[in-house]
Participant: 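First, the structure itself, so that you have it in front of you.
Positions are given from 1 along the sequence.
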Amino acid sequence: MRNAASAGRAAQVGMPFQRANHNPITLSSIHPANTVARKPPDVFTIALILTSVFLLAPIWAQEPPPNLARLVAQRETETEKERSEYTYRQSVTIDELDDHGATRGTYHEVRDVIFSPEHERTEQMIGHPLKGLKNLILTDEDFEDIRHIQPLVLTLDQLWNYETKFKGEETVDNVDCWVMQVRPRQMLSGMRYFDGMVWVDKKEYNIVRMEGQAVPQIRTTKQENLFPRFTTARKPLDGSHWFPVYTYSDDILQFKNGPLRQRLRISYTEYKRFGADSKLIVK
């Protein structure tokens, strides 16, 4: 996103058409501890305690598989293939907020991702986009991020672009997950990347949630093109694969001539498998 004040104009570039414990026991004052109770534990007792700790350790914490990133990429490849057989509706709203959090400008569009009779994937605008932003200018990179970064697909052919690091485990939306950091190895000119964290379910290695930012930020002597931090959530809409259902961002972009707060909301609804009669409605 660019600052219209620094760019000298206030316009938005439309999205181009694309084939898309208990308390411790205290000693009784009536029955004081005897001499035996005050003796330090012997070697056998210490060994027994240490053995119990090692035996219980797997219950307290688990180790991820050594090839976690590749297992995730394999699952993502399957998910991408499955999702490519679905049509869905994508609604995008970007609000520009003032210092008090009130909306002072909005961009809104709705697109259907559909198939032609020849089974070619394409997009169809529903109505006309609302272009009411005052100080932000939407760029081609913003729309590229909406298409490919915010609903990230970390497939096998993309994995080489990223370095990954295991960061622990956490329960998200009642799902036990591995937490993995994902960062680009290098940034090639003209390419967009994801830099952030992903939560992966422990059973089938589906991405359940992701939080991060599209990179790189673009700062030159002639322009500033900045991008917000966001969260994308997924749900198992086909009973197995997890598809994106919403993306949300509320961030302050630090332009040289002053900060600008923006709020982004993307919903992915009405998933329908191509050729099927029923739809998967996301509310």
Side-chain angles (χ1 to χ4, degrees), residues 1-18 20 88-114 122-152 187 190-196 209-234 244-270 282-283:
M1 295 178 184
R2 295 171 58 193
N3 188 336
S6 63
R9 61 189 180 92
Q12 296 81 39
V13 179
M15 187 186 292
F17 185 79
Q18 177 177 320
Y88 60 93
R89 174 164 291 187
Q90 178 176 285
S91 302
V92 179
T93 302
I94 300 172
D95 294 322
E96 183 182 314
L97 309 178
D98 63 20
D99 295 339
H100 304 287
T103 301
R104 63 184 177 190
T106 297
Y107 176 89
H108 179 71
E109 69 166 41
V110 179
R111 290 174 181 266
D112 282 345
V113 178
I114 61 176
T122 186
E123 298 171 354
Q124 177 177 290
M125 180 74 77
I126 306 301
H128 297 284
L130 170 63
K131 299 181 179 182
L133 295 176
K134 306 299 181 182
N135 295 297
L136 289 174
I137 297 174
L138 300 183
T139 65
D140 290 340
E141 289 83 3
D142 290 310
F143 291 113
E144 177 71 12
D145 294 347
I146 289 170
R147 276 199 180 95
H148 302 298
I149 302 300
Q150 283 143 359
L152 174 72
M187 297 190 195
M191 299 293 290
R192 306 292 297 155
Y193 302 92
F194 172 75
D195 187 347
R209 180 182 295 265
M210 52 183 286
E211 296 180 6
Q213 189 173 41
V215 292
Q217 305 282 341
I218 301 173
R219 297 179 185 270
T220 68
T221 56
K222 296 182 179 180
Q223 69 164 319
E224 289 182 287
N225 196 356
L226 309 183
F227 309 94
R229 297 190 62 82
F230 65 89
T231 297
T232 295
R234 298 188 187 184
V245 293
Y246 74 83
T247 295
Y248 181 79
S249 169
D250 191 333
D251 200 8
I252 298 176
L253 305 178
Q254 299 291 345
F255 291 101
K256 289 180 181 178
N257 63 344
L260 285 174
R261 182 181 170 189
Q262 66 86 59
R263 182 173 57 209
L264 165 69
R265 289 162 292 173
I266 308 173
S267 63
Y268 314 83
T269 61
E270 300 184 28
V282 181
K283 298 182 180 180

Participant: If you count every heavy atom of other residues, nucleotides or ligands that lies below 6.0 Å from Y246 atom OH, does the total exceed 12?
Facilitator: no
Participant: If we only count heavy atoms from C-beta on, is the V215 to F227 side-chain gap below 4.5 Å?
Facilitator: no
Participant: What distance do F255 atom CZ and R219 atom CZ have between them, rounded to the nearest 0.5 Å?
Facilitator: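 Spacing of CZ (F255) from CZ (R219) equals 8.0 Å.
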Participant: Would you call R192-E144 a salt bridge at under 4.0 Å N-O?
Facilitator: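 No, no charged N to carboxylate O under 4.0 Å.
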Participant: Under a 4.5 Å cut-off applied to non-hydrogen side-chain atoms, are T247 and P151 in contact?
Facilitator: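 They are not in side-chain contact.
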Participant: Can you tell me which residue among Q262, Q213, R229 is in a side chain to side chain donor-acceptor pair (under 3.5 Å) with S249?
Facilitator: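 Of Q262, Q213, R229, side chain to side chain donor-acceptor pair (under 3.5 Å) with S249 is met by Q262 alone.
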Participant: Just list the side-chain donor-acceptor pairs under 3.5 Å for residues 96-103, sequence neighbours left out, or say none.
Facilitator:
residue : atom : partner : partner atom : Å
E96     : OE1  : K134    : N            : 3.1
E96     : OE1  : N135    : N            : 2.8
E96     : OE1  : L136    : N            : 3.2
E96     : OE2  : R104    : NE           : 3.2
E96     : OE2  : N135    : N            : 3.1
E96     : OE2  : N135    : ND2          : 2.9
D98     : OD1  : H100    : N            : 2.8
D98     : OD1  : G101    : N            : 3.0
D98     : OD1  : A102    : N            : 2.9

Participant: T232 side chain to M210 main-chain N or O, any donor-acceptor pair under 3.5 Å?
Facilitator: no
Participant: Measuring from atom CG of L253 to atom CZ of R261, what distance do you get when rounded to the nearest 0.5 angstrom?
Facilitator: 11.5 Å
Participant: Nearest 0.5 Å, what's the NE2-CD1 distance between H108 and I94?
Facilitator: 11.0 Å
Participant: Measuring from R147:CZ to E123:CD, what's the distance to the nearest 0.5 Å?
Facilitator: 4.0 Å
Participant: Heavy atoms only: give me the nearest Q150-Y268 pair and the separation to one decimal.
Facilitator: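 So the two residues come closest at C-OH, 4.3 Å.
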Participant: Identify, with sequence neighbours excluded, every residue that meets salt bridge (charged side-chain N to carboxylate O under 4.0 Å, His left out) alongside D95.
Facilitator: R263, R265
Participant: Between R2 and E224, which heavy-atom pair has the shortest distance, and what is it?
Facilitator: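 Between these two residues, the closest heavy atoms are CG-O, 3.2 Å.
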Participant: Using atom types as modelled and distance alone, determine if a side-chain donor or acceptor of D142 lies under 3.5 Å from a backbone N or O of T139.
Facilitator: yes
Participant: With heavy-atom distances below 4.5 Å as the criterion, would you say the side chains of L133 and M1 are in contact?
Facilitator: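 Side chain of L133 against side chain of M1, heavy atoms only: no contact under 4.5 Å found.
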Participant: If you measure from CD on E141 to CD on Q217, what distance do you get to the nearest 0.5 Å?
Facilitator: 11.0 Å
Participant: Measuring from atom CZ of F230 to atom CG of L264, what distance do you get when rounded to the nearest 0.5 angstrom?
Facilitator: 9.0 Å
